[in-house]
Chemist: 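Take a look at this one; I'll ask things after.
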Amino acid sequence: MRTKKPAAPASEEQPDAKLQRAVQSVEVGGRLLLTLAEGEGAMNLKDLAALAGLTPSRAHPYLVSYGRLGLVEQDASGRYDLGPAALKIGLACLQRLDPLKAAEPAVLQLAAQTGHAVALSVWGNFGPTVVRLIEARQPLHVALRVGSVLSLFDTATGRAFASAMPDETLRQAIAGPLGRMDATGFDGREAALARIREEMRQRGVVRAVGSPIPGVNAFSAPVFDMHGRPVLAITVTDHQDRLSSAWENSAARAVAEVARQLTRRLSGQLST
């Protein structure tokens with residue numbers, strides 16, 4: 001006689017229970033809010049419902065509830081748009097979003113995935129400045145440390161910022177603190193800057209081959225905030241024997257993808 005397997009106690013989780021739990025109505029209604037967030041302005045019920053993949057009769061009760069919460073509001077013509085509560089949530093998210101904190105898991109994963117040294121840099125008072133450095137899996141003897149200020153045109157990190165910064169900002173950076181260097185030093189670099197920006201446009205990354213350290217290569221890409229400003233640069237670097245200078249290599253693709261993901265995260269874009 002086959003015995004019946006006893007049921008798991010009510011307090012005991014089944015293997016995938018946490019992954020399967022969801023409230024479908026929240027997800028369905030959430031599509032309306034996301035549709036409004038992605039739109040360019042207020043929408044009538046018919047168009048909003050269609051873009052969210054719902055019928056108007058199904059969408060309307062959600063909009064009534066969201067209206068009561070202040071998540072949506074209607075204008076004089078009855079069109080729907082995001083309401084003051086949605087603004088409050090968005091502002092709270094922006095205030096709590098630290099680019100460096102958001103990037104930390106991504107750069108750790110990038111270092112583990114590639115085995116190369118990974119540097120995270122910001123635009124400091126004197127130009128590109130390293131704020132986080134994860135060592136390569138194999139020893140890499142380079143004078144790179146947290147706090148290092150990097151050359152604007154001779155390093156991959158500097159080129160990543162140069163590809164996205166306004167010319168006037170770059171001119172001031174080349175001039176140095178208190179203008180100790182002649183700011184006209186920028187004037188001979190227009191062709192180099194144009195090449196850097198074209199590389200970024202085509203490849204999603206820029207590179208430095210044996211520069212500024214012979215035998216060491218690097219790839220870098222900027223990360224943008226919601227205003228389109230480059231707030232970070234992510235760079236992988238390693239000896240040429242371990243990091244090819246070829247554009248089509250896994251490390252270059254990985255840097256470009258991490259930069260795109262973080263840009264979506266910091267700019268509030270939705271992944272597709």
Side-chain angles (χ1 to χ4, degrees), residues 8-110 120 122-123 164 204 221-234 254 256-272:
S11 60
E12 186 175 327
E13 293 284 354
Q14 296 298 320
D16 296 326
K18 290 184 178 179
L19 295 177
Q20 295 175 353
R21 283 181 180 172
V23 180
Q24 187 178 16
S25 61
V26 173
E27 296 180 6
V28 172
R31 298 209 305 262
L32 293 165
L33 295 176
L34 294 176
T35 299
L36 284 172
E38 292 177 319
E40 297 181 354
M43 286 182 271
N44 61 44
L45 176 59
K46 182 180 177 180
D47 292 339
L48 174 57
L51 289 172
L54 302 171
T55 62
S57 61
R58 191 179 182 196
H60 186 258
Y62 289 101
L63 294 171
V64 171
S65 294
Y66 290 151
R68 292 174 180 173
L69 292 171
L71 291 170
V72 301
E73 61 185 6
Q74 287 181 276
D75 61 18
S77 65
R79 295 179 302 174
Y80 292 91
D81 205 348
L82 294 173
L87 175 62
K88 184 177 181 180
I89 292 172
L91 290 174
C93 182
L94 285 174
Q95 291 170 356
R96 298 172 189 176
L97 185 58
D98 181 344
L100 294 176
K101 185 177 180 180
E104 179 78 4
V107 296
L108 288 172
Q109 183 178 356
L110 181 62
L120 190 63
V122 300
W123 186 263
V223 176
F224 298 89
D225 64 11
M226 66 177 299
H227 302 292
R229 298 174 301 205
V231 291
L232 300 170
I234 298 175
E257 180 57 27
V258 169
R260 282 192 292 267
Q261 291 176 359
L262 284 172
T263 292
R264 288 194 292 266
R265 174 79 174 90
L266 297 178
S267 65
Q269 299 176 27
L270 300 176
S271 300
T272 56

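Positions are given from 1, in the same order as the sequence printed here.
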Chemist: Using atom types as modelled and distance alone, determine if a side-chain donor or acceptor of Tyr66 lies under 3.5 Å from a backbone N or O of Gly29.
Modeler: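 Yes; at least one donor-acceptor contact below 3.5 Å.
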Chemist: Any idea which heavy atoms bring Val72 and Leu63 closest together, and the distance?
Modeler: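 For Val72 versus Leu63, the nearest heavy atoms are CG2-O, 3.5 Å.
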Chemist: Restricting to non-hydrogen atoms, name the atom on Asn44 and the atom on Arg79 that form the minimum distance, rounded to 0.1 Å.
Modeler: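 Scanning both residues, the minimum pair turns out to be N-CG, 3.9 Å.
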Chemist: Do you know the tightest heavy-atom contact between Pro105 and Ala102?
Modeler: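 Closest approach of Pro105 to Ala102, heavy atoms only: CD-O, 3.5 Å.
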Chemist: Walk me through it: do Met43 and Thr35 pass the test side-chain contact (heavy atoms from CB on, under 4.5 Å)?
Modeler: CA-CA 10 Å; Met43 286 182 271; Thr35 299; 4.0 Å; yes
Chemist: Taking the basic N atoms (NZ, or NE/NH1/NH2) and the acidic carboxylate oxygens, is any pair closer than 4.0 Å for Lys101 and Glu104?
Modeler: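 No salt bridge links Lys101 with Glu104.
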Chemist: Does some side-chain heavy atom of Leu120 sit less than 4.5 Å from a side-chain heavy atom of Leu100?
Modeler: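 A side-chain contact under 4.5 Å exists here.
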Chemist: Can you pull the salt bridge (Lys or Arg N to Asp or Glu O under 4.0 Å) pairs that have at least one residue in residues 45-66, sequence neighbours excluded?
Modeler: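 Found none.
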Chemist: Which atoms form the tightest heavy-atom contact between Asp81 and Ala42, and what is the distance?
Modeler: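 Nearest heavy atoms, Asp81 then Ala42: OD2-N, 3.7 Å.
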Chemist: Just one of Leu266, Val122, Asp225 clears the side-chain contact (heavy atoms from CB on, under 4.5 Å) bar with Pro99, so which one?
Modeler: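 Result: among Leu266, Val122, Asp225, Leu266 is the only option passing the side-chain contact (heavy atoms from CB on, under 4.5 Å) with Pro99.
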Chemist: For Gln109, what residues pass the side chain to side chain donor-acceptor pair (under 3.5 Å) criterion, not counting sequence neighbours?
Modeler: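 Testing Gln109 for side chain to side chain donor-acceptor pair (under 3.5 Å), a comparison that skips the adjacent residues, returns none.
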Chemist: When rounded to the nearest 0.5 angstrom, what distance separates CD in Glu257 from CD1 in Ile234?
Modeler: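 One gets 11.0 Å once the value is rounded to the nearest 0.5 Å.
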Chemist: About how many Å separate CD of Glu73 and CG of Leu82, when rounded to the nearest 0.5 Å?
Modeler: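 Between Leu82 CG and Glu73 CD, I get 8.5 Å after rounding to 0.5 Å.
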Chemist: Looking at every non-hydrogen atom in both residues, tell me the closest pair between Ala221 and Gly204 and how far apart they are.
Modeler: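 Where Ala221 meets Gly204 most closely, the heavy atoms are CB-O, 3.5 Å.
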Chemist: Between CG of Leu69 and CD1 of Ile89, what distance do you get to the nearest 0.5 Å?
Modeler: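 One gets 9.0 Å once the value is rounded to the nearest 0.5 Å.
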Chemist: Roughly how far, to the nearest 0.5 Å, is CH2 of Trp123 from CG of Leu232?
Modeler: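 Those atoms lie 13.5 Å apart.
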Chemist: Rounded at 0.5 Å granularity, tell me how far OH in Tyr62 sits from CG in Leu54.
Modeler: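 These two atoms lie 7.5 Å from each other.
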Chemist: Which heavy atom of Ala49 sits nearest a heavy atom of Leu32, and at what distance?
Modeler: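 What the structure gives for the nearest pair is CA-CD2, 4.5 Å.
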